[in-house]
Undergrad: 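Dropping the structure in here first, questions after.
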2 protein chains.
Amino acid sequence: MDAVAIKRSLAGGRLRCTPQRYAVMAFLMEHGGHPTAAEIFEAVNRVDPRSSRATTYNNLRDLVKAGLVREVAVEGRAARFDAKGMRHHHFICDRCGNVEDMEWYDVPRPTSGSLGRRIVRECELIFRGLCTKCGPRHASR
Amino acid sequence: MDAVAIKRSLAGGRLRCTPQRYAVMAFLMEHGGHPTAAEIFEAVNRVDPRSSRATTYNNLRDLVKAGLVREVAVEGRAARFDAKGMRHHHFICDRCGNVEDMEWYDVPRPTSGSLGRRIVRECELIFRGLCTKCGPRHASR
DNA sequence: ATATCATATTAGACATAATCTAAATTTTTC
DNA sequence: GAAAAATTTAGATTATGTCTAATATGATAT
């Protein structure tokens, strides 16, 4: 992954490029999946054990605030994170909780009447069901 | 709220009608909002202090499993619950975390190509932004 | 009505995920 | 280089939810 692209992302979010923050962002951009904070912390420290747990959480929060990273809450499990690259929707497996990307497509907005005075910033689509691994073929019980 | 309707719901989900479970279901059907497990536990026990915390969690889990209640995960906050009445989408406030119902409308499904071998059970739309209370008028800072 | 038994409840311990604190460090600015 | 601002850190703390194993109960068949 291009180090310059990562630094540019951080700069775009007006975040200093510290080694710890860089490592988190780089991991998310390279990983492609939807790791939990604990997985990110572990992965980042396996390479270069200089980051604390609190820092990983701090940086994830900063990255989310800056709009560079998305946090996906999953019922009964730790939150997942992914770098906002191309727009996409999410699929969440009922059984294993894994989060997968789904092709982006535009979603019709609600009527302004039903919006009231709410300000809608974004609109996301979440599909739920069984992932390939957990499907009928493989589901044990 | 009609006690018979509540009992019928539980029976429909093949769940025994215990006083504790009835109280949780009744509260959700009457409340209309999106309370947390802690709020449900407190409300139910204020009326009739016979339910333990574990039971409230057990019952919520059973009700969700049975498809009578929906659990909504909110980033960084406790999960919210609502009785599945009329179909609806959800709005989640970025600032206060409150969950509100939004008018239902059909959402186009993804192309079968992008689905792969996933089995999609449902598809929900989540709007994010600022609720009426937290909007620009009222937002402090 | 009563016995039966799978199901449900309970208190409190435990687990997990995430945040907070306050001191130390690093980076930026002047 | 001094001062200010942002960041990092270890560990304590909080919040949320689950587990255990003993006890009680609702639904069913008799």
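The sequence lines fix the lettering, A, B, ..., with proteins before strands; numbering per chain opens at 1.
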Undergrad: Given D:dT8, D:dG17, D:dA10, identify the nucleotide with an atom nearest to the side chain of A:S52.
TA: D:dA10

Undergrad: Specify the separation, in whole Å, of atom OH of B:Y22 and atom C1' of D:dA27.
TA: 18 Å

Undergrad: Grab the two heavy atoms, one from B:M102 and one from A:L115, that are nearest each other, plus how far apart they are.
TA: CE-CD2, 3.8 Å

Undergrad: Using atom NZ of A:K65 as one end and atom P of D:dA6 as the other, report the distance to the nearest whole Å.
TA: 12 Å

Undergrad: More than 12 heavy atoms of other residues, nucleotides or ligands under 6.0 Å from CZ of B:R14: yes or no?
TA: no

Undergrad: Go nucleotide by nucleotide along DNA chain C from the 5' end; which of A:E71 and B:R21 gets its closest nucleotide reached first?
TA: B:R21

Undergrad: What integer distance in Å separates B:L60:CG from C:dA8:P?
TA: 14 Å

Undergrad: Ring-plane angle category for A:Y105 and A:F127, please: parallel below 30°, perpendicular beyond 60°, tilted otherwise.
TA: tilted

Undergrad: Which of these, A:H90, A:E100, A:E71, A:R70, sits in a side chain to side chain donor-acceptor pair (under 3.5 Å) with A:H34?
TA: A:H90

Undergrad: Measure CD/B:E75 against P/C:dA17 and give the value in whole Å, please.
TA: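 In whole Å, C:dA17 P and B:E75 CD are 17 Å from each other.
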
Undergrad: Is the backbone of B:M86 close enough, under 3.5 Å, to the side chain of B:H88 for a donor and an acceptor to pair up by distance?
TA: yes

Undergrad: Below 4.0 angstrom from OP1 or OP2 of D:dA15, is there any side-chain N or O of B:R77?
TA: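 Answer is no, no contact under 4.0 Å.
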
Undergrad: Give a yes or no on whether a salt bridge exists between B:R128 and B:E75, defined as a side-chain N under 4.0 angstrom from a carboxylate O.
TA: yes

Undergrad: Among B:N59, B:T55, B:N58, B:T56, exactly one meets side chain to side chain donor-acceptor pair (under 3.5 Å) together with B:R21. Which residue is that?
TA: B:N59

Undergrad: Quick one: pull up CG in B:L10 and CG in B:L63 and give me the separation to the nearest 0.5 Å.
TA: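 Between B:L10 CG and B:L63 CG, I get 6.5 Å after rounding to 0.5 Å.
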
Undergrad: Take the protein atom CZ of A:F81 and the nucleotide atom C1' of C:dA17, then report the distance between them rounded to whole Å.
TA: 10 Å

Undergrad: Just how far, in rounded Å, is P of D:dT18 from CG of B:D62?
TA: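 After rounding, the gap between these two atoms is 12 Å.
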
Undergrad: Provide a list of protein-nucleic acid N or O atom pairs under 3.5 angstrom, restricted to nucleotides 19-29 of chain C.
TA:
residue	atom	partner	partner atom	Å
C:dT19	O4	A:R53	NH2	3.3

Undergrad: Taking the side chain of A:Q20 as its heavy atoms from C-beta onward, which of D:dG17, C:dT9, D:dT8 lies nearest to it?
TA: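 Between D:dG17, C:dT9, D:dT8, the one nearest the side chain of A:Q20 would be D:dT8.
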
Undergrad: Let's see if you get this right: which residues in residues 33-46 of chain A place a heavy atom under 4.0 Å from DNA chain D?
TA: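 Nothing qualifies; none.
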
Undergrad: In whole Å, what is the span from the CG atom of B:L15 to the C1' atom of D:dT25?
TA: 15 Å

Undergrad: Over all heavy atoms of both residues, which pair between B:C93 and B:C96 is shortest? Give the atoms and the distance, please.
TA: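 Taking every non-hydrogen atom into account, SG-N, 3.5 Å.
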
Undergrad: Atom CG of A:L63 to atom C1' of D:dT8: distance rounded to whole Å?
TA: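 Spelled out: CG on A:L63 to C1' on D:dT8 is 15 Å.
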
